[in-house]
Structures are given as structure tokens and as C-alpha cells.
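In the text below, chain A, chain B and the rest are named by the order of the sequence lines, each starting its count at 1.
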Amino acid sequence: MDLLPSSEQEEIISSAAQFLAATVPMLRTRELIDAPSNVDAKAWSSAAELGWFALGLPEDAAGVGCGLADETLVFREIGRALASGPFLSTTLAARVAAFGGDAELAAAAARGQRVALGLLGADASIDSASGAIDGDVQLVDAVDADLVLVAGPDVASLVAVGDLEGVESVECIDPTTRLSRATASRVRPVVSVSADVDPVYRRGVVLAAASLTGIAEATRDISAAHAASRFQFDRPIGVNQAIKHPCADMAVRAELAWAQTLFAALATDERRQDAEFHAIGAKVVAADAAERNAAATIQVLGGMGFTFEHDANLYIKRAHVLAHAFGDTRDALSRLIRLPAAV
Amino acid sequence: MDLAFSAEDDEFRDEVRTWLAENTPSERRPREGQAMRDYDLAWQRLQYDGGWAGISWPVEFGGRGLALTQQLIWFEEYARTGMRGIDARFVGLSHAGPTLIARATEEQRAFHLPKILRGDVVWCQGFSEPEAGSDLASLRTRAVVDGDELVVTGQKIWTSFADVADYQELLVRTDTEVPKHKGITWVICDMRSPGIDVRPIKTMEGGTDFCEVFYDEVRIPLANVVGVIDNGWSVAMSTLSFERGTAFTVDQVQLSSTVERLIEIARQRGLLDDDEIVRAFAQARADVAALRALTYVGISRNRRAPVPGPEGSIIKLHWADLSKRIARLAVEIVGPRSLALTDDDDGRWADRYLASFAHSIGGGTSEIQRNIIAERVLALPR
């Protein structure tokens with residue numbers, strides 16, 4: 001039992017952080033808001049070359065062969081940096097293709113062929129046997145994507161965007177995310193994989209939790225830095241417990257989110273019987289941490305926090321997008337109560 | 001990184017589980033007084049005879065000297081027995097004993113440590129005073145050197161188990177002319193000394209193992225000073241860092257079984273059709289899981305950096321909030337029957353609910369924990 005990164009894992013963390021800071025700093029992410037695509041093509045292809053989309057794929061599927069825990073290290077940095085683009089859905093699409101038997105498609109996704117994330121509407125469904133989808137679906141980051149990943153707890157599918165009807169782009173609450181709406185009439189997947197073969201949905205839950213943790217940590221740090229450096233009444237505002245204690249609560253939430261996310265990732269890697277329990281727990285805790293830390297940061301920053309110019313608003317907006325990926329909190333809690341207790 | 005325990009650790013867990021299954025007392029623990037003391041000390045003696053006394057203490061001081069991971073395993077299995085995490089043995093084993101190990105003389109250790117391990121004595125803590133709570137260093141209980149003795153006059157408060165204790169780890173002011181953190185002395189006080197008056201305080205929960213202690217010219221041999229006169233603050237600080245180490249693990253682990261038991265009760269009573277209750281319990285499951293994960297992270301960290309860091313405050317703060325929330329949820333599930341303080345399943349939830357108000361006060365209030373986290377983890381100004 002060891003929940004601290006090894007020196008190789010520390011290396012993954014620092015190189016991911018440095019790569020993101022060098023290629024898609026916040027300034028660049030903001031430039032992309034008004035560009036045709038929100039993806040920095042150069043950063044994206046470099047990420048593919050670094051093996052980010054194949055990190056957790058088994059070596060016999062032309063992957064890097066790392067665990068989900070290693071992937072969480074990268075996705076935490078992506079969340080912290082607010083890098084835009086379909087990192088999560090492309091990574092998981094490579095798995096769906098690899099475990100669904102389409103090696104060529106798996107290789108393409110691993111090389112960075114972008115795959116959007118599909119969010120099923122309340123009345124939409126995914127057939128757990130065939131992986132076919134039916135009903136309204138929202139597409140996240142579908143610019144330049146021919147395929148969309150739609151996953152449920154039992155099955156994950158890759159569906160052709162061309163098979164959907166009425167695809168229409170809409171403005172997203174998060175300006176660094178692209179959103180469109182579409183309808184599926186019993187659309188069969190290009191390839192799908194059952195959760196028994198590979199728990200793609202659960203991996204998505206854990207990786208979303210990792211990015212949400214990154215947001216919780218980034219906003220905690222913004223608040224702490226502001227509280228220490230902003231002077232009013234000749235003192236830093238952080239001496240006041242009305243500021244200090246919300247900052248402490250942010251630290252608590254971020255630590256809990258990261259601990260549970262790692263626990264869930266390792267439980268999945270080690271095929272523990274309570275892996276599902278811990279994955280859902282991670283998403284619940286991390287979504288809460290990201291949203292509340294970002295919201296508290298807006299408050300700590302005062303008027304500056306309410307501006308578009310400060311990044312705080314981008315964190316809370318991204319937190320809302322990620323909170324809906326692979327089941328929102330309401331859905332997660334109703335699943336969690338039905339599972340057997342953790343071991 | 002990995003979650004799995006080694007084969008050796010699994011074997012150790014089996015050993016612990018077997019021993020606890022065969023030796024855990026089956027009688028209910030008396031709530032207070034001499035009967036409670038006898039019960040707790042007999043349980044300690046049993047652990048001593050079984051080779052389980054002082055699991056975190058170094059072997060050279062008579063402890064078991066377990067590695068952190070094995071301590072965790074012990075606490076996890078201990079928690080499963082349903083025995084209380086904190087009882088009359090707590091100060092001796094988790095505060096005073098470790099402090100003596102860190103700072104006492106050979107003679108002091110040789111006299112006191114075996115008694116604590118064998119379950120011969122109960123220790124209590126004499127830190128807080130009516131005017132020195134969170135601001136502990138402002139304590140005023142005065143001690144004057146007279147020959148080879150200290151003469152102590154003053155008052156301590158919130159002293160758990162003082163009514164049944166043999167010894168006390170006592171903080172006294174020996175110099176009033178220097179800044180408050182200086183001029184404090186850490187001394188071993190024999191609770192049977194003339195001039196000590198222990199008055200139990202009845203708590204909102206109804207228990208009385210919580211006391212005021214008055215000192216009227218109590219004479220304590222200078223040989224009982226631990227460390228150096230006027231340097232007691234640093235001795236006391238080594239105690240506080242133990243307090244935020246693994247000492248609360250049993251309470252944390254038991255919170256998880258409490259949640260599971262409450263879910264079962266809610267299911268039996270048909271309350272799991274209520275969305276609000278489902279959400280509250282599912283959220284509790286997630287939060288309790290995260291608390292355990294953080295405990296594991298803390299142990300992983302402490303294994304590499306043996307001085308416990310401020311993450312202990314994060315665990316303590318979260319545990320306090322969470323256990324209060326769950327205790328409140330319990331009385332909601334039990335419904336009107338929680339109003340009766342009867343000695344049955346329903347009544348016991350009410351007791352736990354009332355007791356839970358102490359969780360965010362004892363061992364450093366949640367407000368103080370937040371200060372510690374903000375100042376030491378986030379480097380915010382004081």
C-alpha cells in the first residue's frame with residue numbers, strides 16, 4: 001500500500017505540467033476561444049507523440065501499458081491547466097476501439113484522431129447489448145471529430161457523427177469548450193465494448209474526477225495567493241478568518257478529491273471488487289471540490305472574480321462541463337447507494 | 001503506487017483478526033467511574049499479555065514497534081470489533097507515553113512506561129484552563145520552585161478521565177516574566193497528591209468523565225519535570241503531533257461501518273425510497289471513502305517523512321464535520337424513537353448524536369484546525 005507517486009510518476013506529473021504550460025498556457029487557451037477550433041493543433045499532435053492517448057492502453061494494443069493511476073496524473077494536470085480539446089473522449093475512444101476489436105481505429109485515436117464526447121439527454125438511452133444510442137445527445141468538442149464516444153455503465157460505443165441528425169452547434173457555458181446538439185434515431189455504433197471486457201465508463205468517471213481535482217487544486221492556489229498578497233486595511237486579507245477558513249476548506253476538499261481519485265484508479269488497476277464504488281465516490285467528491293473551490297475563489301477575489309478577464313470563471317465553467325461527463329452527481333449518488341459496501 | 005498490502009501484511013492482518021476475535025471483551029463497557037477504569041485497564045492488560053501493548057511504541061521501550069502500515073492494519077481490525085477508539089487508556093498510550101519516550105529521562109521512562117503498557121495506570125491531560133483554551137500558551141496555573149519541589153496552584157479544565165487517573169501530564173507556568181511560550185514546564189503530576197480536587201463536569205451527553213481539576217499548593221518533586229524547567233512548550237508540542245497522527249484511525253474506520261449500518265436500518269424501515277435520504281447516505285459513503293483514502297495518503301507520506309505533517313489537521317477537520325453530519329442523519333432515520341434515551345439500539349443513536357458535538361471541539365477545535373491548514377499548508381499570513 002503506497003499512495004504517493006514513485007519517482008517515475010513524479011516525472012510524468014512534472015513533464016505533463018511543463019508541456020501544458022509551454023504549449024497551451026492560459027493565454028493560448030483564451031486565444032482559441034474565438035478560433036474555428038478550440039484545439040491547438042501543434043500541442044495536440046505533440047500530446048499524441050508523447051503517448052497521452054495511448055498511455056493506459058495495453059502494450060499488445062500498441063499502447064504504453066501504464067495503469068489508470070498514471071493516466072489520472074496526466075488528467076489532473078490537464079484539468080489544472082484548463083487545456084481545451086477532447087482529451088478525455090479521445091483517450092477512451094482508443095480503448096473502445098482496441099477492446100472492441102478495431103485495431104486500426106484504436107491506432108488512429110492513439111495518434112490523435114479527435115473523438116468527441118457524447119452526453120445523453122434525460123430521455124435518451126444506450127442499449128446495453130448493442131451499444132446503439134437513441135434520443136437527444138449533446139456533443140462536447142466535436143469540432144474536427146468524425147466520431148463521438150457515448151458511454152454508459154454497461155457499454156461504451158463510438159458512433160459516427162454523420163449518423164446523427166440535426167447536428168447544430170450551440171454556445172457552451174464554458175467558452176473553452178465546444179458544444180453541439182444532435183438527435184440519434186437508433187444509431188448503431190461503429191464499434192462498442194461491454195464493461196465486462198473493459199470498464200470504459202468507469203475509467204471515464206475516474207479521469208473526469210482527476211481533471212476536476214486539478215481544477216479544485218488550481219483554484220485553491222489562486223485563492224491562497226490572492227489572500228496572501230491582497231492588502232486591505234493595511235493587512236493581507238488572508239489574516240481574516242472569513243477568508244482564511246474558506247481557503248482551508250478548499251485545501252481539505254482538494255486533498256480528499258485527490259486521495260479518493262487515486263484510490264479509485266488503483267482499485268480499478270488492481271481489479272478490486274469495490275472499484276466501481278470508489279470510482280463513483282471519487283467523481284462525487286471531486287465534482288463537489290471543483291465547483292465549490294471555484295465558486296469560493298470567485299468570492300475570495302471579489303469584483304475581480306466576477307470578471308471575464310480573470311480565469312476564475314473559466315474554472316467553474318469547466319467544472320460544470322466535467323461534472324456532466326460520465327454521469328452527474330445526482331446519477332452517481334443513485335448508483336452509489338445501490339452498490340455493496342466498500343471492502 | 002498501489003493499494004494492495006504485502007503477503008506479509010495480509011498474514012499480519014490474519015493474526016490480528018484472530019487474536020481480536022478470541023480476546024475482545026464481550027461485556028458492555030461501563031459508562032463511567034471505577035467500573036469503567038477497571039474494564040479499560042483489564043482490556044489493556046489482556047493486550048499486554050497478548051503482545052499487543054503499545055503497537056506504535058519502539059521495541060526498546062516495551063512497545064510492539066509496528067511499521068505504520070501494520071499500525072493501520074491493527075487499527076482497522078480493532079475498529080471492526082466495535083470497541084471504542086478512545087477510552088481511559090488513551091492519554092497514557094497516545095499522549096503521555098510517546099512524550100515520555102521522546103523527552104523523559106531513563107528513570108522516568110523506566111518507572112512509567114511499563115505501567116502504561118501493562119494497564120496498571122490511567123493518565124489524564126492537564127493542558128486547558130478556563131482562560132487558556134485554543135490559546136494554550138496563555139495558561140496561568142502557577143508553579144514555584146521550593147527546594148526540590150514544585151508548588152502548584154491553579155486550575156485545569158476539560159480533563160477527560162481525571163476522576164479515575166493516577167497520573168497527569170501537567171503544564172504549569174514557572175516563569176511569568178518572559179513571553180508566554182517560554183516559562184512553561186511539563187511535569188508529571190501524581191493525581192493522589194494532597195491539594196488536588198477533581199470535580200467531574202456533567203456533559204450535554206450525560207457522561208461525567210470530563211473534569212475540572214483544582215490545585216492548592218500541590219507539591220510535585222522536581223524529579224517529575226520532563227525536559228527542562230521553562231521549556232515545557234516544546235515538550236507539549238511533541239505530544240500534540242502524536243494526537244494528530246494515527247490516534248484517530250479507529251474512529252475514522254468505525255464511521256464507515258456506522259454509515260453501512262444506518263443504510264441497512266434505513267432499508268429495513270423503507271426509507272430508501274426517499275430521494276433526500278438516498279442522496280445523504282450516498283454522499284456519506286463517498287465522503288467516508290475519501291476520508292479513508294486520505295488516511296492512506298497520510299500514512300504513505302509519513303512513511304517517507306517521519307514527522308507528521310499538517311495533513312493530520314485535514315483528516316481531523318473532515319472527520320469532525322462528517323461524523324457530526326452522520327450522527328444527525330442517524331437520529332433522522334430513527335425518528336421519534338430517538339427522543340428516548342433508552343439503553344437499546346434506538347436510544348444509543350441519540351447518545352452518539354449528543355456526543356458528536358464534542359468532535360469539532362476536542363483535540364483542537366475545527367476553527368483552530370482551519371487556521372493550521374491555512375497557515376501551514378497554504379502559507380497564509382497569521
Side-chain angles (χ1 to χ4, degrees), chain A residues 1-6 9 67 69-70 220-221 223-224 227-228 235-236 238-239 241 243-253 255-267 269-270 272 274 277-278 280-285 288 329-330 332-339 341-342, chain B residues 1-6 9 68-69 72-73 256-257 259-260 263-264 266-267 272 275 277-283 285-301 303-304 310-311 313-315 317-318 321 366-367 369-375 377-382:
Chain A
M1 191 282 286
D2 185 11
L3 269 72
L4 277 199
S6 65
Q9 286 165 328
D70 299 300
R220 170 201 64 195
D221 294 342
S223 285
R235 300 185 307 171
V239 300
Q241 292 183 336
I243 299 292
K244 180 177 278 188
H245 287 185
C247 289
D249 289 336
M250 290 186 219
V252 173
R253 289 191 288 262
E255 288 279 328
L256 287 165
W258 181 236
Q260 183 57 25
T261 299
L262 269 186
F263 200 108
L266 293 167
D269 283 337
E270 295 172 21
R272 275 173 60 127
D274 57 2
F277 181 109
H278 288 293
I280 298 173
K283 179 81 188 303
V284 167
V285 173
D288 178 69
T329 295
R330 174 198 290 270
L333 291 175
S334 70
R335 287 178 63 218
L336 186 54
I337 200 71
R338 291 197 299 267
L339 291 174
Chain B
M1 295 186 287
D2 61 282
L3 280 181
F5 290 87
S6 67
D9 286 341
L68 270 177
T69 313
L72 171 73
I73 290 170
S256 157
S257 49
V259 169
E260 295 306 327
I263 290 174
E264 193 43 46
R267 194 188 316 279
L272 288 189
D275 276 352
I277 287 182
V278 163
R279 270 189 87 124
F281 276 121
Q283 184 73 49
R285 271 187 155 181
D287 290 337
V288 166
L291 179 63
R292 170 162 73 154
L294 190 55
T295 300
Y296 279 31
V297 169
I299 284 170
S300 303
R301 269 184 204 150
R303 244 186 341 231
R304 295 192 204 176
E311 55 272 357
S313 287
I314 293 182
I315 291 174
L317 175 60
H318 183 60
D321 286 349
S366 288
E367 288 71 25
Q369 306 298 350
R370 286 189 173 91
N371 285 353
I372 292 171
I373 295 162
E375 288 158 19
V377 179
L378 301 178
L380 291 191
R382 288 172 66 89

With rounding to the nearest 0.5 angstrom, report the CD1 to CG distance, B:Ile314 to A:Leu256.
7.5 Å

Please flag which part of A:Ala267 lies under 4.5 Å from any non-hydrogen atom of chain B: side chain, backbone, both or neither.
both

Quick check on the interface: out of A:Leu339, A:Asp274, A:Ile243, who has the most heavy-atom pairs with chain B under 4.5 Å?
A:Leu339

With only heavy atoms counted, which part of A:Arg253 is less than 4.5 Å from chain B, the side chain, the backbone, both or neither?
neither

May I have the step-by-step check of salt bridge (Lys or Arg N to Asp or Glu O under 4.0 Å) for A:Asp2 and B:Arg303, ending in yes or no?
CA-CA 9 Å; A:Asp2 185 11; B:Arg303 244 186 341 231; 3.7 Å; yes

Just by distance, do the side chain of A:Glu270 and the backbone of B:Asp2 share a donor-acceptor pair under 3.5 Å?
no

Looking only at heavy atoms, what is the nearest atom pair of A:Ala342 and B:Arg292, with distance?
CB-NH2, 4.3 Å

Contacting moiety of A:His278, where chain B heavy atoms sit under 4.5 Å:
side chain

Specify the closest pair of heavy atoms between A:Ala224 and B:Leu380, including all atoms of both residues, with the distance to one decimal.
O-CD2, 3.3 Å

Is any side-chain heavy atom of A:Val239 closer than 4.5 Å to one of B:Arg382?
no

Nearest heavy-atom pair of B:Arg304 and A:Pro5: which atoms, and what distance?
NH1-O, 3.4 Å

Taking side chain as everything from C-beta outward and backbone as N, CA, C, O, which of these in B:Glu375 sits under 4.5 Å from a heavy atom of chain A? Side chain, backbone, both or neither.
side chain

Identify which part of A:Glu255 has an atom lying under 4.5 Å from any heavy atom of chain B, answering side chain, backbone, both or neither.
both

B:Leu378 portion near chain A, given a 4.5 angstrom heavy-atom threshold:
both

Mark yes or no for whether A:Lys244, through its side chain, and B:Ile373, through its backbone, hold a donor-acceptor pair below 3.5 Å.
no

Is there side-chain contact between B:Asp287 and A:Val284, with heavy atoms separated by less than 4.5 Å?
no

Engaged part of B:Asn371 at the chain A interface, taking heavy atoms whose separation is under 4.5 Å:
both

Among residues at least two apart in sequence or on other chains, which ones pass ring-ring contact (aromatic ring centres under 6.0 Å, His included) with B:Tyr296?
A:Phe263

Tell me, for A:Asp269 versus chain B, whether the close heavy atoms (under 4.5 Å) come from the side chain, the backbone, both or neither.
neither

Chain A contacts, top residue of B:Ala290, B:Ala374, B:Ser256 (heavy-atom pairs, under 4.5 Å)
B:Ala290

I need the residue from B:Ala379, B:Ser6, B:Ala286 with the largest number of non-hydrogen atom pairs under 4.5 Å to chain A.
B:Ala286

Working for side chain to side chain contact (heavy atoms under 4.5 Å, CB included), residues B:Glu367 and A:Gln241
CA-CA 9 Å; B:Glu367 288 71 25; A:Gln241 292 183 336; 5.5 Å; no

Kindly compute the distance separating CG (B:Leu3) from CG (A:Leu3), expressed to the nearest 0.5 Å.
5.5 Å

Taken to the nearest 0.5 Å, the spacing of A:Asp288 CG from B:Gln283 CD works out to 6.0 Å

Let me know if A:Leu262 has heavy atoms under 4.5 Å from chain B in its side chain, its backbone, both or neither.
side chain

Note: B:Arg279 and A:Arg330 closest approach over all heavy atoms is NH1-CB, 3.8 Å

Interchain contact, A:Arg220 with chain B, by part (heavy-atom threshold 4.5 Å)
side chain

Suppose we screen for side chain to side chain contact (heavy atoms under 4.5 Å, CB included). Which residues come up paired with B:Glu260, at least two apart in sequence or across chains?
A:Ala341, B:Ile263, B:Arg285

Under a 4.5 Å heavy-atom cutoff, which of A:Gln260, A:Arg272, A:Met250, A:Arg235 has the most pairs with chain B?
A:Gln260

Can you tell me how far the CZ atom of B:Arg370 sits from the SG atom of A:Cys247, to the nearest 0.5 Å?
12.0 Å

Could you go through the side chain to side chain contact (heavy atoms under 4.5 Å, CB included) check for A:Ser6 and B:Met1 one step at a time?
CA-CA 7 Å; A:Ser6 65; B:Met1 295 186 287; over 6 Å; no

